[in-house]
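Only heavy atoms go into these numbers, but all of them, side chains included; no hydrogens, no water, no symmetry mates.
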Amino acid sequence: MTLSFAGAAQAECFADYKAKQDNPLRLHYGVMDVSDAACSVQAAPRVIAPRLSAAGWTLLNVISVFGPEGLEERKAGAGEFFRRF
């Protein structure tokens, strides 16, 4: 008998990025949850940019994508933008 757990099959994926606002210029570094389908530096901007735009921010670049093992080391650097969007 085989049991399937949908949540257990999905890996967690996160991206760290840089974003800006104009007038006045503001910059931030953040960490965001992304879906497994967007878990690459090439795919993540399609998910991240609209979320940031809705809050008045423009995505500058995605730095990297990583799993849960990279969260703690990025938490202090992201500050208020740690998993905010």
Side-chain angles (χ1 to χ4, degrees):
M1 184 166 156
T2 302
L3 295 177
S4 175
F5 297 97
Q10 295 180 0
E12 291 182 89
C13 186
F14 307 90
D16 57 347
Y17 64 89
K18 292 182 182 177
K20 73 170 187 162
Q21 280 184 332
D22 292 319
N23 298 321
L25 179 63
R26 294 178 58 206
L27 302 171
H28 86 252
Y29 164 79
V31 173
M32 186 181 295
D33 297 47
V34 295
S35 67
D36 289 345
C39 197
S40 72
V41 172
Q42 296 78 22
R46 291 189 297 268
V47 173
I48 295 171
R51 291 187 204 169
L52 291 173
S53 181
W57 291 92
T58 301
L59 176 66
L60 294 174
N61 68 312
V62 172
I63 300 165
S64 65
V65 293
F66 54 93
E69 68 284 348
L71 278 177
E72 203 54 41
E73 68 191 60
R74 291 169 173 90
K75 189 173 187 175
E80 70 177 287
F81 298 103
F82 182 74
R83 300 177 75 182
R84 178 175 176 181
F85 300 103

Under 30°, 30 to 60°, or over 60°: which ring-plane class applies to Phe81 and His28, parallel, tilted or perpendicular?
parallel
Membership question, hydrophobic clusters at under 4.5 Å side-chain separation (ILVMFWY): are Tyr17 and Phe66 in the same one? no
- Message: Test of understanding: clusters of I, L, V, M, F, W, Y form through side-chain heavy atoms closer than 4.5 Å, transitively. Do Phe14 and Phe82 belong to the same one?
- Response: yes
Cluster link Val65 to Leu71, ILVMFWY, side chain under 4.5 Å
no
Worksheet item: Side-chain heavy atoms under 4.5 angstrom apart, residues restricted to Ile, Leu, Val, Met, Phe, Trp, Tyr: same cluster for Leu27 and Leu59?
Response: no
**OP:** Mark yes or no for whether Glu69, through its side chain, and Gly67, through its backbone, hold a donor-acceptor pair below 3.5 Å.
**Re:** yes
Taking every heavy atom of Ala38 against every heavy atom of Val47, the minimum-distance pair comes out as CB-CG2, 3.4 Å
What one should report as the nearest heavy-atom pair of Ala44 and Ala15 is CB-CB, 4.4 Å
Contacts of Glu80 meeting side-chain hydrogen bond (donor to acceptor under 3.5 Å, both in side chains) (sequence neighbours excluded), chain-then-number -> Arg84
On a heavy-atom basis, the closest approach of Ile48 and Val34 is CG1-CG1, 4.1 Å
Sub-4.5 Å side-chain heavy-atom contact between Glu12 and Asp33: no
To the nearest 0.5 Å, atom OG of Ser35 lies from atom CZ of Arg46 at 9.5 Å
The complete set of disulfide bond (SG atoms under 2.5 Å apart) pairs with one or both residues in residues 24-85, sequence neighbours excluded, reads Cys13-Cys39
Nearest heavy-atom contact between Arg74 and Ser64 is NH2-OG, 3.6 Å
Treat each ILVMFWY residue as a node, draw an edge where side-chain heavy atoms are under 4.5 Å apart, and state whether Trp57 and Tyr29 are in one component. no
Exercise. Do the side chains of Lys75 and Val31 get nearer than 4.5 Å, heavy atoms only?
Worked result: no
